[in-house]
Amino acid sequence: MQQAAQGLAKGAAVVFRGLRQVYGTTVALEEFSLEVGAGEFLTLLGPSGSGKTTALNALAGFIEMTSGHIAIDGVPISALPTEKRNIGMVFQNYSLFPHLDVLDNIAFPLRMRGVPRRAARERAQAALDLVRLPEYGRRMPHQLSGGQKQRVAFARAIVFEPRVLLMDEPLGALDLKLREAMQLEIKQFQRQIGCTVIYVTHDQGEALTLSDRIVVMDKGRVLQVGTPKEIYDRPHTRFVAEFIGVNNLLPVAGGAAGEAVLEGVGAVAAAVPAGARWAALRPEVLRAAPGEGPIAATITDVIFLGDVVRYAARCDRGATLVFSQRREPGGSAHAIGARVAFPIDPADIVFLAE
Amino acid sequence: MSRRRSVQLALLLGPAVALIGLLFLFPLLGVMKQSLFNPGFTTESLEKLATSPVAAIVLRRTFLLALSVTVLCCVFGYPIAYYLATMSKRWRAFFLYLILLPFWISVLIRTYTWMVLLGREGLVNNALVGIGLIDQPVQMLFTGFAVHLAMVQILLPIMVLTCFAAMVEIDPQLVRAARTLGASPFKAFARVFFPMSIGGAAAGAIICFILSLGFYVTPALLGGRRNIMLANLIDFEVHQTLNWSFASALALVLLAATLILLALFRLVAPERRLHG
C-alpha cells in the first residue's frame, strides 16, 4: 500500500491561457486563464452550462479549443492526443469496462503502456489495496456497489502515476451519506499520492470540503478564484454570494454619509463602497435579540436542522431575513410570532457591485 | 396471484401456440414420418442421404455459400453499423431509413432487379461496354457471383441492424475513458468497443447464416442450373422426381442445422451482455 503511494511522482503545475470555446453561436468558455499549482486540489464549481466541463474536456483533449493553450509543467499539450497527455480521469458514471474484471480494468492503463500482464496485475493489486478493496480483483464491474465502482475507477485513474488527475462530478451518482464518506477518502488518497487534482462539481458543499482553491464559474466565465474561506466570506458578485451557502441579499440605497440603507430592513452605520448595489449577510453572523430595536422583525418560520436552528423573520420595513443560531444548553429558541431585534455589525456586511 | 398470472399467460399465448402446433409442428411431424416410413419403417431415405453424391455436393455447396455470404455480410455490415452508431443522431435516422428501404421490398422483386441489372444486355454490361472497359458483355447472371451479390444485398440490413442494436448500447464515454488511460484510437476500439460489440455481430452472423441456408428464390433465379442449393434440391425432389421421402430427409437436415445454430444464438444473444 505504502509502496504504491511512495512510487508516485508528485503533482504537476497546469496553466490555462485564454481558452475560448465556441459551439456555433454559443460561447461555452470565454477567456479562461488559470494557474494550478503542483499538488493543488482545485475545484471548478458552477451550475450546468457554466463551462466547467468544457475546461476539463479541453485539458483531457476530448475537444479542440477554438483558441487558447494549455501547458503541463511548462510543456504545451494542446497538440497532443488524449492518450499522450498522461492525465488520469475519473468520470461521473465510473466508465469501468464491463467486459473486464476489476483487476484488468485497473491494469488497463499499464497494459496500454506496454507493461506485461503479470506485472500490470501486480501493480493493479497494489492500487486496489490503496483504495481498500484488496479482495475485489476478480469481481466484474456489475457486481460492485456504486461506492466500490467509484474506488475502482479512482484506482484505475492513478495506477499509472499521472501527475494530474481530473475528476468530473465523481460523486454525483452516489447518495448523500456515501458521498460525504467518499469526500473524506478522496482527500486522503490525494494527500497520499500528492498529484494535482482538478475536480469538477456543481455541489458547493463538496467544493468547500475538498478544495485548496475554488474557481466559481457561470455562463462560460470565471467569476471568482479563491480559497474556500475567501469564496465563502468575501464573494465578489451576487451570483457567488447566492451560489455558495445561504445568504441574505438586500438591495442597497445610498443614505447619509457613513450610512447604508438596506432596502426593507433599515439604516446601518456602514460606509457604502462606490458602486455597491447589494449587501450580503450570512445567516450565521446575524444576531437576533428578543425584543424591540431600530431594526425589528417578527419570526415567521422556524426550521430545525439538528445542530442549528434556522429562522425566517419579517422585518417591519418588509424584507425577510434568514438567520441561524446554534442550539445551546439552556438557551431558549424563538417561537413563531415572537419579536426580535437585529443589531447588525457593519463588519459582517459584504457589499457587492453586481 | 401467480395462478391468475398463469391463466393470463395461457389466454395470451394460447392462440399462437395452437396455431404453431396445428400449422407448423403437426406438418413437421408428417415430414419426419415421411422420411422414415414408406409405408413401413425404413431407413432407405437416410441411407440415400448418406450415400448420394448429389446430396453431398449440394449440402456442401449450400453450407459454403451460407458461410461466404455470412462472412461478406460481417465484413460489410460491421463497419456500416459502426459508422451509424457513432454518427450524430440527426443523420442517423436518415441513414437507417436508407438501409431499411430495400428491406421492405420483396425478395422476389429484388432478385428480378438483379437479373435486369446483371443480364447479358443488362445495365451493368451495357455501361461497361459503353465506357470501353470491356469489348464483350461478361457472363454475370447465372454465376456464383450473382448469387453472392444478391444474397449479401438482401441480408445486409439484418446484419447491420443487429450489430447497430448492440453498438448503440455501448457508452461512448468508455472509449473516451480508454483514451485517457493511454489507448490510441485503434487500441481503444480493439480493446473496448470491439469486445463489447462482438456479441451483436455474432448474433447477426448466425441469423444471416440460418437465413442463407434456406434461400430458395435467389439461387434458383440468379444461380442457374450449376448452382443448385439445398432448398432447390428439396423442391426438385418434391416436384420432379416425386421422391417425397428423400425430400423430407433433406428438409430434416436443414431443420437440424437451424436448431443447432439457434441454440448457439442463445449463447451469444445481446441480452446476455454484461452491464457496467
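The chains referred to below are lettered A, B, ... by the order of the sequence lines, with proteins before strands, and numbering in each begins at 1.
Put simply, the side chain of N93(A) reaches to within 4.5 Å of the side chain of Q173(B), judged on heavy atoms. Contact annotation: the side chain of P162(A) never approaches that of T180(B) to less than 4.5 Å [non-hydrogen atoms, C-beta and beyond]. Annotation: side chain of F97(A) is not in contact with side chain of M196(B) (no heavy-atom distance under 4.5 Å).
Proximity to chain A involves both the backbone and the side chain of A178(B), based on heavy atoms less than 4.5 angstrom apart. Proximity to chain B (any heavy atom under 4.5 Å) is restricted, for N57(A), to the side chain, taken from C-beta onward. At a 4.5 Å heavy-atom cutoff, N86(A) makes no contact with chain B through either its backbone or its side chain.
Of the listed residues (R113(A), M112(A), E83(A), M89(A)), the one with the most heavy-atom contacts under 4.5 Å to chain B is E83(A).
Put simply, the side chain of H99(A) gets close to the backbone of R191(B): a donor and an acceptor are under 3.5 Å apart.
The local environment of CZ in F95(B) is crowded, with over 12 non-hydrogen atoms from other residues, nucleotides or ligands closer than 6.0 Å. Under a cut-off of 6.0 angstrom, the local environment of CH2 in W91(B) is sparse, with at most 12 non-hydrogen atoms contributed by other residues, nucleotides or ligands. Around CD of E64(A), the count of heavy atoms belonging to other residues, nucleotides or ligands within 6.0 Å does not exceed 12. Environment of NE2 in H148(B): crowded, with over 12 heavy atoms of neighbouring residues, nucleotides or ligands closer than 6.0 Å.
Going from atom CG of L174(B) over to atom CZ of F91(A) covers 9.0 Å, rounded to the nearest 0.5 Å.
In this structure, R179(B) forms no cation-pi arrangement with F62(A), as its terminal cationic atom is not both closer than 6.0 Å to the ring centre and no more than 45° off the ring axis.
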